[in-house]
Amino acid sequence: MTSSDTNKLAPEFFSRGAIEVAHDLIGATLLVGQAGGLIVETEAYTRTDPASHSFVGRTVRNAAMFGAAGTAYVYRSYGIHWCLNFVCGENETGSAVLVRALEPTIGLELMRARRGLEDARLLCSGPGRLCQALGITGEYNGRRLDQPPFAISGRGESVDVRAGPRIGISRASDCLWRFGLPTSPFLSKKLPP
DNA sequence: CTATAGATAATCT
DNA sequence: GATTATCTATAGG
């Protein structure tokens with residue numbers, strides 16, 4: 001038994017602001033079924049954030065964002081990819097954290113097979129890539145994160161987390177709500193100095 | 001190494 | 001009809 005096995009995140013971990021949760025998730029371990037890794041990059045989206053799906057209020061697509069903290073919000077991106085979010089907030093506030101990149105550590109061969117790639121750096125370095133590697137689809141939308149196939153363990157030691165502007169958005173691009181391990185080779189994009 | 005176009009479909013205006 | 005919380009392949013320096 002390793003320390004990460006005994007360090008499962010409590011549901012209350014997500015009952016805070018998305019920015020705080022996004023920061024604290026860096027270095028945590030995400031496991032989905034038989035594949036997973038270390039979370040090295042996240043982004044926060046809040047209810048009053050023009051770049052957030054929840055900004056316009058509750059819709060069919062973003063309903064999960066207004067659900068309980070500690071559930072998954074999975075949506076289709078650019079008609080092709082899936083993206084995985086962790087719903088946050090104390091009162092079903094419509095805030096969430098986008099999981100943007102993992103350092104793959106568990107189930108490498110399974111993820112290689114799903115991605116059709118060998119290079120570990122390309123397996124999970126991006127929200128769409130990560131979902132393909134972990135087998136995440138729209139069926140996971142609204143599922144609880146503290147129950148199988150999900151398992152999330154907190155980081156053991158403190159890590160160096162750096163913030164930067166979010167990627168791929170056209171509004172509120174001045175918010176530094178992207179967080180990551182600055183030295184990780186598994187980021188979807190380098191963080192600014 | 002950086003830059004850009006194309007894929008592709010649900011969601012939004 | 002336009003936009004999009006992306007990725008890949010390809011072309012160019």
Fill in: nucleotides 8-13 of chain B: protein proximity per nucleotide (B base, S sugar-phosphate only, - neither; heavy atom, under 4.0 Å)
BB-SS-
Response to the item:
Protein heavy-atom contacts under 4.0 Å, written 5' to 3' over nucleotides 7-13 of chain C as B (base), S (sugar-phosphate only) or - (none), form the string SS-----
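Judged as a side chain to side chain donor-acceptor pair (under 3.5 Å), the pairs with a partner in residues 100-115 of chain A (not counting sequence neighbours) are, in order, Glu41(A)-Arg100(A), Arg100(A)-Ser188(A), Glu109(A)-Arg112(A), Arg115(A)-Gln132(A).
The shortest non-hydrogen separation linking Ala101(A) to Phe186(A) is CB-O, 3.4 Å. The two residues Leu108(A) and Leu123(A) make their nearest non-hydrogen contact at CD1-CD1, 3.9 Å. Here the closest heavy-atom approach between residue Leu187(A) and residue Ser125(A) is recorded as O-CB, 3.8 Å.
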Discussion item. side-chain contact (heavy atoms from CB on, under 4.5 Å) for Leu145(A) and Leu9(A)? Distances and angles first, verdict last.
Written reply: CA-CA 9 Å; Leu145(A) 297 170; Leu9(A) 291 184; over 6 Å; no
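Ile106(A) and Phe150(A) are not part of a single hydrophobic cluster, where members link through side-chain heavy atoms under 4.5 Å apart.
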Worksheet entry | Paired and unpaired positions of DNA chain C as dot-bracket, Watson-Crick or G-U wobble under 3.5 Å, | denoting a partner strand | ||||.|||||||.
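Other members of a hydrophobic cluster containing Leu110(A) are absent, since no ILVMFWY side chain comes under 4.5 Å of it, directly or through relayed contacts.
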Can you give the donor-acceptor pairs under 3.5 Å from side chains of residues 83-93 of chain A to other protein atoms, not counting sequence neighbours?
from, atom 1, to, atom 2, distance (Å)
Asn85(A), ND2, Tyr73(A), O, 3.2
Thr93(A), OG1, Ser95(A), OG, 3.4

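Between Arg166(A) and Cys175(A), some side-chain heavy-atom pair lies under the 4.5 Å cut-off.
Distance CG (Leu98(A)) to C1' (dT6(C)): 11 Å, rounded to an integer number of Å. Note: OH (Tyr75(A)) to C1' (dA5(C)) measures 3 Å, nearest angstrom.
Exactly one of Val21(A), Asp24(A), Ile26(A), Ile19(A) qualifies for a side chain to side chain contact (heavy atoms under 4.5 Å, CB included) with Thr42(A). That residue is Ile26(A).
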